[in-house]
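These notes are about the structure you will find just below.
Along the sequence shown, residues are numbered consecutively beginning with 1. None of these values were measured; they are calculated from a predicted model.
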Amino acid sequence: MAKAILDQNTVLPNGERLVFDMKNWCGTACCIAGWTNVLIPDDKNARQDEHDLFAAERKLGLTRTQALELFSPALTIPYSDVTPQQAADVLLHLADTGSVDWGELKNPLGPPGLKAEGHPTFPRGKRRSARR
């Protein structure tokens, strides 16, 4: 994944080049989770209504903690400023050590709140509808 993000040579079936861009969250192929879901096809373990982040977590064999730290870190810079090199470095460190380390980009205090700029929130499991 790190090599693909660094090379920026992935071309989609429609001929469009895939560009790394962390300002877009889920539903796109531009963040680490999105690149994972584009480059690693679904397998027999795929669930039909699985959220993009959970699919990428499964495909990369991550724990929930690793996935949250990788896909939605609290950064000291805007997510849109994360470079392909920085993302690749984090992925390579994860592959070597099993831990996610955004280094100086990581906010040691964590996000100011769930609605912090660039900090995604996403539902866990299926949505339930109220019935009367």
Side-chain angles (χ1 to χ4, degrees):
M1 199 60 53
K3 181 173 176 13
I5 289 173
L6 279 177
D7 291 346
Q8 300 280 303
N9 287 330
T10 301
V11 178
L12 299 172
N14 67 2
E16 196 174 331
R17 183 172 305 279
L18 194 58
V19 177
F20 181 82
D21 182 354
M22 279 187 54
K23 73 181 172 212
N24 296 311
W25 286 101
C26 300
T28 73
C30 300
C31 63
I32 295 171
W35 275 65
T36 299
N37 289 323
V38 167
L39 297 177
I40 301 174
D42 279 324
D43 58 17
K44 64 180 186 221
N45 295 317
R47 292 179 287 286
Q48 185 176 3
D49 61 348
E50 187 173 39
H51 192 283
D52 289 346
L53 293 178
F54 297 136
E57 173 188 316
R58 176 181 46 77
K59 291 175 181 182
L60 293 175
L62 303 176
T63 65
R64 181 60 42 91
T65 299
Q66 289 170 321
L68 290 173
E69 290 174 351
L70 180 63
F71 303 142
S72 58
L75 299 177
T76 57
I77 63 171
Y79 282 90
S80 57
D81 290 346
V82 174
T83 66
Q85 182 66 58
Q86 290 165 326
D89 288 346
V90 171
L91 286 164
L92 292 171
H93 180 80
L94 174 60
D96 288 342
T97 67
S99 67
V100 176
D101 183 3
W102 284 94
E104 293 178 1
L105 300 179
K106 180 75 173 173
N107 180 351
L109 301 177
L114 290 178
K115 300 288 183 185
E117 184 275 323
H119 186 76
T121 58
F122 48 92
R124 297 190 184 271
K126 293 183 180 181
R127 290 186 178 156
R128 295 182 185 178
S129 59
R131 292 185 181 176
R132 293 185 177 212

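- The two atoms that bring Leu6 and Ala88 nearest to each other are CG-CB, 3.5 Å, heavy atoms only.
- Glu57 approaches Phe71 most closely through the heavy-atom pair N-CE1, 3.9 Å.
- In this structure, Met1 and Ile40 approach most closely via the heavy-atom pair CE-CD1, 3.9 Å.
- If you take OG1 on Thr36 and CG on Leu62, they are separated by 8.0 Å, rounding to the nearest 0.5 Å.
- Of the possible donor and acceptor atoms, none in the side chain of Gln66 sits under 3.5 Å from a partner among the backbone N and O of Val100.
- Side chain of Trp102 to main chain of Glu69: a donor-acceptor pair is present (N/O by atom type, distance under 3.5 Å, no hydrogens or angles).
- In this structure, Thr76 OG1 and Glu104 CD are separated by 8.0 Å, a value rounded to the nearest 0.5 Å.
- For the pair Thr10 and Ala4, the tightest heavy-atom approach, listed with the atom from each and the gap, is OG1-CB, 4.3 Å.
- A single hydrophobic cluster is seen to contain both Ile5 and Leu12, as judged by linkage of ILVMFWY side chains at heavy-atom distances under 4.5 Å, directly or through other members.
- For Ala55 against Asn37, the heavy-atom pair with the smallest separation is CB-OD1, 3.5 Å.
- By the criterion of side-chain heavy atoms lying less than 4.5 angstrom apart, applied directly or through intervening Ile, Leu, Val, Met, Phe, Trp or Tyr residues, Leu92 is not grouped with Leu39; the two fall into different hydrophobic clusters.
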Problem set entry | Gln86 and Val90: CA distance, side-chain angles, deciding distance, side chain to side chain contact (heavy atoms under 4.5 Å, CB included) verdict | CA-CA 6 Å; Gln86 290 165 326; Val90 171; 5.7 Å; no
For this session: Show your reasoning for whether side chain to side chain contact (heavy atoms under 4.5 Å, CB included) applies to Lys3 and Leu91.
Result: CA-CA 10 Å; Lys3 181 173 176 13; Leu91 286 164; over 6 Å; no
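- Closest approach of Ile32 and Ala87 over heavy atoms only: CD1-CB, 4.0 Å.
- Expressed to the nearest 0.5 Å, how far CG of Asp89 lies from CG of Leu94 amounts to 12.5 Å.
- At a cut-off of 3.5 Å, with distance as the only test, a side-chain donor of Thr97 or Ser99 sits close to an acceptor on the other residue.
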Exercise. Checking salt bridge (charged side-chain N to carboxylate O under 4.0 Å, His left out) for the pair Asp52/Lys59: CA distance, chi angles, key distance, verdict?
Worked result: CA-CA 10 Å; Asp52 289 346; Lys59 291 175 181 182; over 6 Å; no
